[in-house]
Amino acid sequence: MRTQVAIIGGGPSGLMLGRLLEQAGVDAVIIERKSPDYVLGRIRAGVLEQGTIDLLDAAGVGARMHEEGLIHTGVDLAFDGEMLNINFDKLIGKHVMVYGQTEVTRDLMAARQRTGSKTIYEADDVAIHDFDGARPRVTFTKDGVSHMLECDVIAGCDGYHGVCRASVPENAVTTFERVYPFGWLGVLVEQPPVAEELIYAHHARGFALCSMRSNTRSRYYVQVPGDEDVKNWSDERFWDELRARLNPAIAEALKTGPSIEKSVAPLRSFVAEPLRFGSLFLAGDAAHIVPPTGAKGLNLAMSDVKALAEALIERFLEGSAAGVDSYSPTVLQRIWKAERFSWWMTSLLHTFPETGNFGRRIQRAEFDYLGGSVAAQQSLAENYVGLP
């Protein structure tokens with residue numbers, strides 16, 4: 001087989017890259033090691049920045065998002081039950097939209113299926129070759145048969161544990177990582193959200209988040225140790241712990257029920273530098289991980305592939321290498337801004353036992369400063385709604 005761009009990974013970043021290239025007339029094949037049902041079964045958050053909303057519209061896959069997505073004009077922050085509303089609309093005249101990552105993936109999959117663009121699912125033994133030479137190619141096994149895909153460019157959209165970054169020589173890449181000593185225990189429930197806006201709550205017992213997937217389905221989280229076993233948490237224990245961390249009026253209004261899904265997500269910050277290695281380009285979780293506190297993961301991946309698509313279109317249609325040459329440094333600037341914001345949100349809202357009472361007093365002072373400073377609230381709003 002032969003293509004211009006081999007995209008490794010069929011998640012939202014790989015699918016969006018494929019869609020943007022397809023619209024421009026650049027040929028691309030997506031190779032994904034899991035089945036479509038498995039990809040759609042990944043439960044992920046979905047707070048979309050305006051830039052992501054605009055990109056989905058430009059890709060022609062935004063119709064259902066606008067029908068079913070929930071517009072949010074702000075978020076609520078809480079410290080030991082004291083509430084602070086950050087109103088994006090009043091502060092900066094912008095908003096975000098809650099629309100699950102699974103639904104974004106579904107819409108992109110459907111668009112690709114309609115046009116007949118080639119996606120190879122359940123590809124085993126995926127390997128990339130000669131990406132720093134003259135003959136880049138991908139090998140894989142499908143239904144027991146070995147295949148080779150020759151290409152001009154390989155796009156590594158295969159996530160943190162994928163083969164692309166792992167194939168780069170260790171001395172060619174520098175990684176920066178912080179693993180937090182806690183995770184988020186999340187529960188999905190068929191109940192309406194407890195409030196109109198997302199609630200980020202700091203409490204002496206730990207962080208809590210009240211979010212939603214729709215007007216009838218909610219997602220709730222509590223901070224737990226990083227090695228916590230989800231089996232230790234019955235539904236009853238989860239709801240009791242969540243109520244204990246919320247404002248009393250919010251806790252009283254909470255509607256509970258049997259969990260549809262329950263899992264523990266670890267928190268880490270990670271960046272790889274650079275993001276280009278010859279004809280191999282990294283994007284999305286293959287390039288970076290951010291704690292979910294800042295709602296940046298999906299948005300940052302969409303920003304990556306938008307920049308990569310523009311660079312590759314410029315290369316293949318205009319014969320210019322300017323975009324591909326500047327891809328890594330340009331994208332890394334935005335990545336580090338997202339890492340900073342996500343770190344700040346995580347530092348403000350979680351409990352860190354090693355910092356003791358002094359650490360909590362500093363967090364309280366930061367919360368009070370935020371509540372009394374319009375400039376600080378504007379900065380939070382601008383970073384949350386869409387990084388520059």
Side-chain angles (χ1 to χ4, degrees), residues 7-20 42 44-56 58-59 65 72 75 88 94 96-105 108 155-162 164-165 173 175-178 180 184 198 211 265-276 281-311 326-347 379-388:
I7 301 173
I8 313 301
S13 57
L15 288 165
M16 177 57 81
L17 179 59
R19 177 67 176 171
L20 296 173
R42 296 169 180 155
R44 297 289 188 273
V47 176
L48 307 184
E49 296 177 356
Q50 187 61 54
T52 300
I53 296 170
D54 294 344
L55 185 61
L56 290 165
M65 170 189 66
H72 284 260
V75 295
F88 303 151
K94 297 180 181 179
V96 295
M97 182 179 292
V98 172
Y99 187 65
Q101 180 171 316
T102 299
E103 304 311 315
V104 172
T105 304
L108 287 165
C157 303
D158 52 344
Y160 180 78
H161 298 289
C164 287
R165 193 184 70 250
V173 61
T175 58
F176 304 85
E177 184 172 27
R178 178 178 182 182
Y180 292 89
W184 284 9
L198 277 68
S211 65
L267 267 66
R268 69 158 45 90
S269 301
F270 173 85
V271 180
E273 292 185 1
L275 302 180
R276 180 190 180 182
F281 297 81
L282 302 181
D285 286 0
H288 49 73
I289 299 288
V290 290
T293 329
K296 289 289 167 240
L298 175 60
N299 295 295
L300 201 52
M302 292 294 105
S303 176
D304 291 349
V305 295
K306 179 178 183 293
L308 182 55
E310 290 170 351
S326 64
Y327 169 74
S328 181
T330 300
V331 170
L332 279 167
Q333 286 184 357
R334 194 171 197 270
I335 288 170
W336 279 111
K337 289 179 180 179
E339 292 286 354
R340 186 211 66 82
F341 178 67
S342 300
W343 163 83
W344 178 81
M345 287 279 285
T346 302
S347 300
S379 177
L380 191 160
E382 288 168 353
N383 279 277
Y384 195 98
V385 170
L387 294 164

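Below, all heavy atoms of this structure are taken into account, side chains as well, without hydrogens, waters or symmetry copies. Quick note: residue numbers are just sequence positions, from 1.
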Partner residues of Arg276 under the side-chain hydrogen bond (donor to acceptor under 3.5 Å, both in side chains) criterion, sequence neighbours left out: Asp325

Can you name the nearest heavy-atom pair linking Pro274 to Leu332, along with the distance? CA-CD1, 4.4 Å

Answer yes or no: is there a side-chain heavy-atom contact under 4.5 Å between Leu300 and Arg334? yes

Looking only at non-hydrogen atoms, find the nearest pair between Gly156 and Ala286 and report the distance. O-CB, 3.5 Å

I'd like to check the ring-ring contact (aromatic ring centres under 6.0 Å, His included) partners of Trp344; sequence neighbours left out, ordered by chain and number. none

Sort and list the pairs that fulfil salt bridge (Lys or Arg N to Asp or Glu O under 4.0 Å) and have at least one residue in residues 289-302, not counting sequence neighbours. Glu49-Lys296

Listed partners of Glu103 passing side-chain contact (heavy atoms from CB on, under 4.5 Å), at least two apart: Arg64, Tyr99, Arg106

Residue list, side-chain contact (heavy atoms from CB on, under 4.5 Å) with Arg178, at least two apart or on another chain: Tyr180, Ser269, Trp343, Phe352

Salt bridge (charged side-chain N to carboxylate O under 4.0 Å, His left out) partners for Glu273, two or more places apart: none

Just so I know, are the side chains of Cys164 and Leu282 near enough to count as touching, which here means a heavy-atom distance under 4.5 Å? yes

Over all heavy atoms of both residues, which pair between Ala295 and Tyr384 is shortest? Give the atoms and the distance, please. CB-OH, 3.8 Å

Kindly write out the residues that satisfy side-chain contact (heavy atoms from CB on, under 4.5 Å) with Ala301, not counting sequence neighbours, or none if the list is empty. Ser13

Give the minimum heavy-atom separation between Glu339 and Ile289, together with the two atoms involved. OE2-O, 2.8 Å

Quick check against the 3.5 Å criterion: does Asp304 have a side-chain atom that pairs as donor or acceptor with the backbone of Gly284? yes

For Asn299, side-chain hydrogen bond (donor to acceptor under 3.5 Å, both in side chains) partners two or more places apart: Thr52

Minimum-distance pair of heavy atoms, taken over all atoms of Gly297 and Val290: N-CG2, 3.6 Å

In Val305, Asp158, Leu17, the residue satisfying side-chain contact (heavy atoms from CB on, under 4.5 Å) with Ile7 is Leu17

Identify, with sequence neighbours excluded, every residue that meets side-chain hydrogen bond (donor to acceptor under 3.5 Å, both in side chains) alongside Thr293. Thr346

For Ala307, all residues meeting side-chain contact (heavy atoms from CB on, under 4.5 Å), sequence neighbours excluded: Tyr327, Val331

Check: Val75 and Phe88 side chains under 4.5 Å, non-hydrogen atoms: yes

Residues at least two apart in sequence or cross-chain that pass ring-ring contact (aromatic ring centres under 6.0 Å, His included) with Phe341, listed by chain then number, are none

Checking Arg165 side chain against Tyr160 main chain: does a donor-acceptor pair fall under 3.5 Å? yes

Is there a side-chain contact (heavy atoms from CB on, under 4.5 Å) between Leu308 and Leu275? Walk through the geometry before answering. CA-CA 11 Å; Leu308 182 55; Leu275 302 180; over 6 Å; no

Residue pair Met302 / Pro12: nearest heavy atoms and the distance that separates them: CE-O, 3.4 Å

Here the gap from Met16 atom CE to Ser303 atom OG, rounded to the nearest 0.5 Å, amounts to 11.5 Å

Rounded distance (nearest 0.5 Å) linking atom OG1 of Thr105 with atom CG of Leu298: 7.5 Å

Assess the residue pair Leu20 and Leu55 against the criterion (side-chain contact (heavy atoms from CB on, under 4.5 Å)); give the C-alpha distance rounded to whole Å, side-chain angles, the decisive distance to 0.1 Å, and a yes or no. CA-CA 9 Å; Leu20 296 173; Leu55 185 61; 4.0 Å; yes

As an exercise, state the distance from CG of Leu380 to CE of Met345, rounded to the nearest 0.5 Å. 5.5 Å

